[in-house]
2 protein chains.
Amino acid sequence: MNIGEASEKSGLPSKTIRYYEDIGLVLADREDNGYRTYDAAHIHKLRFLKRSRSLGFGVEECRQLLSLYEDKHRSSASVKALATHRLEEIDQKIEDLKGLRETLSTLVKTCHGDDRPDCPILDGLSGTPDDQDPF
Amino acid sequence: MNIGEASEKSGLPSKTIRYYEDIGLVLADREDNGYRTYDAAHIHKLRFLKRSRSLGFGVEECRQLLSLYEDKHRSSASVKALATHRLEEIDQKIEDLKGLRETLSTLVKTCHGDDRPDCPILDGLSGTPDDQDPF
DNA sequence: ATAGTCCTTCCAGTCACTGGAAGGTCAAGG
DNA sequence: CCTTGACCTTCCAGTGACTGGAAGGACTAT
């Protein structure tokens, strides 16, 4: 199948599939006319990529996962290590966002939000105290 | 003061301060020798920017906030609207991350993580558990 | 005079795509 | 046979928000 069908089947834009080929993630075969061709194994890899990316793995992590995926003899431990690390990153990010939410929500709550020009949000943002952590 | 001191006082790298000038956020004065000079008002704006950015406002949102900040007659409502919108984005992002965390954590939990090659994480990432594994 | 630090501008790179231009290929319809 | 339109190709540029580095001018201290 050509790239258009591969795009439909994998759920990735053609542009992205070509990009993944550029960076050596999924190499397509070529027809005589220069068109890329894809088979079921290609699609499988592309779907794998799509899912991994949507779970927040970076492209280089995906490359690792993919090579682990293709290695029949790899241990599950090496995969688990990658996934666990990613999980820690996610937890950290959630915590960061919660702190940020807290700060901003406090500012929003104290703002009366009417036509008067004084605004606790802007005062809070101007952050007069020294090098205060946003969290 | 020169850019180095402004950097120290604001907590932003000199590079970033120059960048903010490039995109018209904070324009410095110039000495005869071409050096940028900053006063207390500049520093205040830079710190405002640093804090707003750290709260996740985009640069264009910061530009809006800054112009609201400088407008003595703006209503607090317009600021509150911006901040509330940002708050909603943060909430959305937290929810997304939680879902993602859930998925990944399930995968990690079901993986025994030893030397055996079978790994539920990779199976989960391939996203088609009923498919034959073509690799 | 020299060393060292600070400043300037400009160009390139980051990440993971995305958009668009210019042009080749293919199947269907008139 | 010709045209239309969909699909494909490559290459170049842009995104956001910086960051790194090169080349060179300015200032300070010795």
Side-chain angles (χ1 to χ4, degrees), chain A residues 1-39 42-43 45-66 86 89-90 93 96 100 125 134, chain B residues 1-39 42-43 45-66 86 89-90 93 96 100:
Chain A
M1 81 191 80
N2 289 340
I3 199 170
E5 199 179 338
S7 167
E8 266 180 48
K9 291 227 167 94
S10 67
L12 290 169
S14 307
K15 278 276 188 190
T16 302
I17 297 176
R18 288 197 197 95
Y19 172 70
Y20 285 166
E21 177 159 355
D22 272 0
I23 63 174
L25 272 187
V26 177
L27 304 169
D29 300 322
R30 296 289 179 136
E31 285 177 85
D32 289 345
N33 58 15
Y35 285 18
R36 290 170 180 83
T37 43
Y38 299 87
D39 59 22
H42 287 125
I43 300 305
K45 277 205 225 176
L46 290 171
R47 295 174 57 85
F48 182 98
L49 247 357
K50 186 187 182 198
R51 185 138 163 79
S52 309
R53 290 285 300 122
S54 80
L55 284 172
F57 289 93
V59 164
E60 288 316 308
E61 281 174 309
C62 286
R63 197 191 298 276
Q64 281 182 270
L65 286 169
L66 210 49
R86 173 76 196 124
E89 285 176 353
I90 291 170
K93 191 133 198 173
D96 288 354
L100 202 149
L125 284 176
Chain B
M1 79 192 80
N2 289 341
I3 199 170
E5 199 180 338
S7 166
E8 266 180 48
K9 292 228 166 94
S10 66
L12 291 169
S14 306
K15 278 275 188 191
T16 303
I17 297 176
R18 288 197 197 95
Y19 171 71
Y20 284 166
E21 177 160 355
D22 271 0
I23 62 173
L25 271 187
V26 177
L27 305 168
D29 299 323
R30 297 286 180 139
E31 284 176 87
D32 290 345
N33 58 14
Y35 286 17
R36 290 170 180 83
T37 42
Y38 299 87
D39 59 22
H42 287 124
I43 301 304
K45 277 204 223 175
L46 290 170
R47 296 174 58 85
F48 181 98
L49 248 355
K50 186 190 180 195
R51 185 140 164 77
S52 309
R53 291 286 300 121
S54 80
L55 284 172
F57 288 94
V59 164
E60 287 316 308
E61 281 174 308
C62 285
R63 196 191 300 275
Q64 281 181 271
L65 285 168
L66 209 50
R86 174 75 197 126
E89 284 175 354
I90 291 170
K93 190 132 200 177
D96 289 353
L100 202 150

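Reminder, nothing fancy here: chain letters follow the sequence lines and each chain counts from 1.
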Item to check | chain B contact limits on DNA chain C, taken 5' to 3' with a cut-off of 4.0 angstrom to heavy atoms | outcome: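 Nucleotide range in contact with chain B: C/dC6 to C/dC10.
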Checklist entry - Going by heavy atoms closer than 4.0 Å, what residues in residues 5-26 of chain A are next to DNA chain D? => result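 Only A/Lys15, A/Arg18 qualify.
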Write out a two-atom table: protein N or O, nucleotide N or O from nucleotides 1-7 of chain D, distance below 3.5 Å.
none

If you take all heavy atoms of [X] and [Y], which pair is closest and at what distance?
| X | Y | answer |
| --- | --- | --- |
| B/Leu100 | A/Arg86 | CD2-NH2, 4.5 Å |
| B/Cys62 | B/Arg53 | SG-CD, 3.8 Å |
| B/Thr37 | B/Arg30 | OG1-N, 4.0 Å |
| B/Val59 | B/Ile23 | CG1-CD1, 3.5 Å |

Item to check | B/Leu12 backbone acceptor or donor facing B/Ser7 side chain under 3.5 Å | outcome: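 Yes; at least one donor-acceptor contact below 3.5 Å.
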Checklist entry - Is it true that a side-chain atom of A/Arg47 and a backbone atom of A/Gly11 form a donor plus acceptor pair closer than 3.5 Å? => result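 No, because the side chain of A/Arg47 does not come within donor-acceptor range (under 3.5 Å) of the backbone of A/Gly11.
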Checklist entry - Partners of B/Glu60 by salt bridge (charged side-chain N to carboxylate O under 4.0 Å, His left out), sequence neighbours excluded? => result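 Salt bridge (charged side-chain N to carboxylate O under 4.0 Å, His left out) check on B/Glu60 returns B/Arg63.
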Item to check | Non-neighbouring partners of A/Gln64 that pass side chain to side chain donor-acceptor pair (under 3.5 Å), sequence neighbours left out | outcome: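 Here no residue qualifies.
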Next on the checklist: Taking side chain to side chain donor-acceptor pair (under 3.5 Å) as the definition, give me every residue that meets it alongside B/Arg36, ordered by chain and number, with sequence neighbours left out.
Outcome noted: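 Side chain to side chain donor-acceptor pair (under 3.5 Å) list for B/Arg36, sorted by chain: B/Glu21.
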Item to check | pair A/Lys45-A/Leu25: side-chain heavy atoms closer than 4.5 Å | outcome: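 They are not in side-chain contact.
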Checklist entry - So, is A/Asn33 close to the D/dC8 phosphate, meaning a side-chain N or O under 4.0 Å from OP1 or OP2? => result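 The answer is no; no side-chain N or O of A/Asn33 sits under 4.0 Å from OP1 or OP2.
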Next on the checklist: How many whole angstroms separate atom CG of A/Asp32 from atom P of D/dC8?
Outcome noted: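 Interatomic distance, CG of A/Asp32 to P of D/dC8: 17 Å.
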Checklist entry - Mapping B/Arg53 and A/Tyr38 onto DNA chain D by nearest heavy atom, which one lands closer to the 5' end? => result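 On the 5' side of the pair lies A/Tyr38.
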